[in-house]
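Have a look at the structure below, then the notes.
Heads up: numbering here begins at 1 and tracks the sequence. Heavy-atom basis, side chains included; hydrogens, waters and symmetry copies ignored.
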Amino acid sequence: SSAFFGLTVKSMKSGTLVIADDHTVYIYDGHTMSKAISDINLIKDLLIDRWERLWVATYQGLYCLFNRHFTNHRLTDKEDIARAIGIDGKGSLIIGTLNGKVLMDGQIVEDDKQQYYNPSSTTLGGRVYMVGNGDIREASEDKTLRWLGLPKNRYQYS
């Protein structure tokens, strides 16, 4: 028996829902539920970009559904896990990893081994916001990173 990590849901402009459990991505069109892809090793986050492509962050890297086919984009560090993904206002793919890396369009812009990113992100005003250890990381379109500076609280772990 495998552990269940929960569900993730995102909506497409068409009104279609994309739903993921820990190993399978489902598409719900308002009437019918169908499998888009299955047998993935631990889905951590979903993203739908402005071209309506579906990105899936997993223990095996990122999968992108394009023209009805999934392609896999692996991290260079095979011991790392893509956990938070977002697209900034310029269309750059931002990834936060379990081992504290931030990648922008495949290039490592930060490698902080004291940090990690949770499977949660959002884009607002062209900037990507990812949940780190006790704070929110902002990735700007000009490729700068900053912490928002949440007050110290019980959500921070050492």
Side-chain angles (χ1 to χ4, degrees), residues 3-13 17-27 36-37 40-66 70-158:
F4 182 71
F5 292 96
L7 294 173
T8 302
V9 64
K10 301 286 179 170
S11 62
M12 300 182 89
K13 291 175 191 166
L17 290 179
V18 179
I19 304 162
D21 62 22
D22 50 344
H23 298 290
T24 305
V25 176
Y26 302 92
I27 305 294
I37 190 170
I40 294 176
N41 188 9
L42 295 178
I43 296 169
K44 303 309 292 176
D45 200 5
L46 295 176
L47 170 77
I48 299 167
D49 68 20
R50 64 179 162 193
W51 299 282
E52 292 283 286
R53 293 179 302 190
L54 171 63
W55 293 84
V56 183
T58 76
Y59 272 39
Q60 296 162 318
L62 294 177
Y63 287 89
C64 180
L65 178 60
F66 185 68
F70 270 97
T71 56
N72 190 344
H73 303 271
R74 294 194 181 271
L75 298 176
T76 54
D77 181 355
K78 302 225 184 300
E79 301 298 316
D80 208 353
I81 300 166
R83 295 184 83 191
I85 55 176
I87 302 279
D88 71 15
K90 290 186 176 177
S92 295
L93 180 66
I94 313 296
I95 304 167
T97 74
L98 177 64
N99 292 346
K101 290 182 186 73
V102 176
L103 294 89
M104 294 182 174
D105 287 333
Q107 301 298 313
I108 297 171
V109 294
E110 180 176 80
D111 188 355
D112 181 354
K113 299 202 182 343
Q114 302 302 309
Q115 188 53 250
Y116 59 85
Y117 290 91
N118 289 307
S120 180
S121 66
T122 194
T123 301
L124 181 65
R127 296 179 174 146
V128 175
Y129 296 88
M130 300 177 291
V131 176
N133 178 16
D135 205 349
I136 305 297
R137 191 65 151 165
E138 176 190 79
S140 298
E141 295 171 331
D142 64 1
K143 302 207 181 297
T144 60
L145 301 171
R146 75 177 182 105
W147 292 104
L148 297 187
L150 287 172
K152 297 259 185 237
N153 207 324
R154 65 182 172 270
Y155 46 71
Q156 294 174 319
Y157 304 98
S158 53

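To the nearest 0.5 angstrom, Lys44 atom NZ is 13.0 Å from Thr97 atom OG1. To the nearest 0.5 Å, atoms CD1 (Ile48) and NZ (Lys13) are separated by 10.0 Å. Between Asn99 atom CG and Tyr116 atom OH the span is 12.5 Å, to the nearest 0.5 Å. Expressed to the nearest 0.5 Å, how far NE2 of His23 lies from CD1 of Ile37 amounts to 13.0 Å. A distance of 11.0 Å separates CD1 of Ile94 from CD of Glu138, quoted to the nearest 0.5 Å.
The side-chain contact (heavy atoms from CB on, under 4.5 Å) search around Thr24 returns Asp21, Tyr26, Lys35, Ser38, not counting sequence neighbours. Qualifying side chain to side chain donor-acceptor pair (under 3.5 Å) partners for Ser92, counting only residues two or more places apart in sequence or in other chains: Asp105. Remark: Asp111 engages Lys101, Ile108, Lys113 in a side-chain contact (heavy atoms from CB on, under 4.5 Å) (not counting sequence neighbours). Among residues two or more places apart in sequence or in another chain, the side-chain contact (heavy atoms from CB on, under 4.5 Å) test is passed with Thr76 by none. Residues satisfying the side chain to side chain donor-acceptor pair (under 3.5 Å) criterion with Glu110, sequence neighbours excluded, are Tyr117, Arg137. For Val131, the side-chain contact (heavy atoms from CB on, under 4.5 Å) criterion is met by Asn118, Ser120, Ile136, not counting sequence neighbours.
Side chains of Val25 and Tyr63 form no contact here, defined as non-hydrogen atoms less than 4.5 Å apart. The shortest distance between side-chain heavy atoms of Asp45 and Lys10 falls below 4.5 Å.
Of the possible donor and acceptor atoms, none in the side chain of Thr123 sits under 3.5 Å from a partner among the backbone N and O of Gly86. At distances below 3.5 Å, at least one donor-acceptor pair connects side-chain atoms of Asp135 with backbone N or O atoms of Gly149.
Among pairs with a residue in residues 83-95, none fulfils salt bridge (Lys or Arg N to Asp or Glu O under 4.0 Å), at least two apart in sequence or across chains.
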